[in-house]
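Step one of this worksheet: look at the structure below.
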Amino acid sequence: MRVFVTGATGFIGSAIVQELIRAGHQVLGLARSDASAKSLAAAGAQVHRGDLEDLDSLSNGAAASDGVIHTGFIHDFSKFKEVCEVDRRAIDALGSALADSERPLIVTSGIGLLQGRPAIEDDNVPASNPNPRVASEEAAASVAARGVRISVVRLPPSVHGDGDHGFVPILISMAREKGVSAYIGEGLNRWPAVHRLDAAHLFRLALEKALRSEKLLKSSEDA
C-alpha cells in the first residue's frame with residue numbers, strides 16, 4: 001500500500017516511515033525543505049513537497065495514496081492556539097481528499113486532553129475542554145461525519161527514544177547531575193510514556209486494520 005505520511009522526518013514520523021517500509025508499504029512523505037526531502041529519500045521514501053499550511057499539497061498527497069498517517073504539527077508554543085487551528089485545517093484538507101473512498105486517515109492527538117481519570121478508547125474529548133489541541137479531534141470527528149474512515153492515536157505526554165530532547169531526557173540529566181532521582185510527596189503520581197518505536201508500530205497496526213476492513217467491505221460488495 002502507498003501511505004502518505006505528514007511529519008515524516010519528525011521524531012515519531014521518521015520511525016513510522018521505517019516501520020511502514022519494513023512492513024512492505026510504499027511511503028510518500030511530506031517535505032517542506034530540501035533537507036527533509038533528502039532525509040526521506042535516504043530512508044527509502046518518496047518525496048512530496050509541501051507543508052501543513054499548503055492545503056493543496058496535503059490534498060494532492062492524500063489523493064495519491066491508499067491511506068494517510070498525519071503526525072505533522074507545528075511545534076511553536078508561543079502561538080499554540082494558532083498552530084492548533086492550522087492542524088484543524090490540515091486534517092480537514094486530508095479528509096476531504098479521502099471522502100467516499102474508504103481509504104483511512106490516522107490522526108494524532110494526546111491523552112493529556114483526558115486528564116483527571118483513567119481513559120479508554122471510546123472516551124470523547126469534552127467540547128468544554130479549554131486546551132486548543134482539541135481542534136485536532138474536533139476536525140477528525142468532522143471529517144468522520146462526512147464518511148471518512150478515521151482513527152485517532154492519542155499519544156502520552158512523553159514519547160521517548162534515541163534522539164529525544166523532551167521531558168524524560170531532562171529528568172535523566174537532572175538525576176545524573178544531582179546523583180539522585182527525586183520526587184515530591186509519596187511518589188503516587190503516574191506519568192504515562194511510550195517508546196517512539198512502539199508508537200510507530202501502533203500507527204502501522206491502526207492503518208493496516210483499517211485497510212483490511214476496506215478490503216473485506218469490497219469483497220462483500222463484490223460477492
Side-chain angles (χ1 to χ4, degrees), residues 1-8 10 12-13 15-17 19-20 23 25 27-30 48 50 52-53 55-74 83-114 119-127 129 131-156 159 194 198-221:
M1 296 293 179
R2 193 178 197 216
V3 186
F4 181 42
V5 180
T6 71
I12 300 171
I16 293 173
V17 168
E19 175 80 16
L20 291 171
H25 298 289
V27 174
L28 180 65
L30 183 68
H48 181 78
L52 296 180
E53 296 183 271
L55 301 184
D56 286 339
S57 74
L58 296 178
S59 295
N60 292 337
S65 302
D66 299 306
V68 178
I69 294 179
H70 175 54
T71 65
F73 190 79
I74 301 173
V83 298
C84 288
E85 289 304 314
V86 169
D87 200 51
R88 184 196 299 273
R89 293 190 291 271
I91 292 169
D92 184 74
L94 293 167
S96 295
L98 300 175
D100 302 319
S101 70
E102 296 295 331
R103 290 173 293 160
L105 169 59
I106 315 299
V107 171
T108 307
S109 183
I111 61 173
L113 294 171
L114 296 168
I120 61 174
E121 61 269 22
D122 293 328
D123 285 337
N124 293 317
V125 177
N129 192 306
N131 189 331
R133 192 68 168 95
V134 74
S136 303
E137 295 210 15
E138 289 176 345
S142 177
V143 296
R146 304 203 302 266
V148 179
R149 187 183 293 273
I150 286 284
S151 297
V152 177
V153 174
R154 289 171 175 156
L155 294 173
V159 181
V194 65
D198 292 326
H201 188 65
L202 175 60
F203 274 97
R204 177 176 66 81
L205 292 178
L207 176 83
E208 291 178 343
K209 181 177 180 179
L211 291 171
R212 283 195 296 271
S213 297
E214 178 188 352
K215 286 183 178 180
L216 288 172
L217 177 62
K218 288 182 178 179
S219 297
S220 176
E221 291 174 346

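Counting begins at 1 with the first residue of the sequence.
- Inter-residue side-chain proximity for Val5 and Phe203 is flagged as unmet; no heavy-atom pair is nearer than 4.5 Å.
- With sequence neighbours excluded, no residue forms a salt bridge (Lys or Arg N to Asp or Glu O under 4.0 Å) with Glu53.
- The shortest heavy-atom contact between Val86 and Ile74 is CG1-CD1, 3.8 Å.
- Atoms OG1 and CG, from Thr6 and Leu28 in turn, are 11.0 Å apart once rounded to the nearest 0.5 Å.
- Side-chain atoms of His48 come within 3.5 Å of backbone atoms of Ser57 as a donor-acceptor pair (strictly under, hydrogens ignored).
- Of all non-hydrogen atoms in Ala23 and Glu208, the two that sit nearest each other are CB-OE2, 4.0 Å.
- A donor-acceptor contact shorter than 3.5 Å links the side chain of Asn60 to the backbone of Asp56.
- Within the 4.5 Å cutoff, the side chain of Arg146 has heavy atoms near those of the Ser96 side chain.
- Side-chain contact between Arg103 and Phe4 is absent, with no heavy-atom pair separated by less than 4.5 Å.
- Counting all heavy atoms, side chain and backbone alike, Ala97 lies closest to Ala63 at CB-N, 4.1 Å.
- In this structure, Leu58 and Arg89 have side chains that are not in contact, with every pair of non-hydrogen atoms separated by 4.5 Å or more.
- Taking OG of Ser151 as the reference point, atom CG of Leu205 lies at 11.5 Å (rounded to 0.5 Å).
- Rounded to the nearest 0.5 angstrom, His25 NE2 and Ile16 CD1 are separated by 12.0 Å.
- A donor-acceptor contact shorter than 3.5 Å is absent between the side chain of Ser142 and the backbone of Glu138.
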Inset, instruction - Would you check, one step at a time, whether the test side-chain contact (heavy atoms from CB on, under 4.5 Å) holds for Leu52 with Leu30? - result: CA-CA 9 Å; Leu52 296 180; Leu30 183 68; 4.1 Å; yes
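- For the atom pair CD1 (Ile150) and CD (Glu137), the distance works out to 11.0 Å, reported to the nearest 0.5 Å.
- A donor-acceptor contact shorter than 3.5 Å is absent between the side chain of Arg204 and the backbone of Leu20.
- Asp87 and His70 share a donor-acceptor pair across their side chains, judged by distance under 3.5 Å alone.
- Here the closest heavy-atom approach between residue Val3 and residue Ser65 is recorded as C-OG, 4.2 Å.
- The CG atom of Leu105 sits 7.0 Å away from the CD1 atom of Ile91 when rounded to the nearest 0.5 Å.
- At least one side-chain heavy atom of Pro104 sits less than 4.5 Å from a side-chain heavy atom of Leu207.
- Between Ala210 and Arg149, the closest heavy-atom pair is CB-CD, 3.7 Å.
- Residue Thr71 comes nearest to Gly13 through the heavy atom pair OG1-CA, 3.8 Å, listed as atom of the first residue, atom of the second, then distance.
- Of the inter-residue distances, the one linking Ile12 atom CD1 with Thr108 atom OG1 reads 7.0 Å to the nearest 0.5 angstrom.
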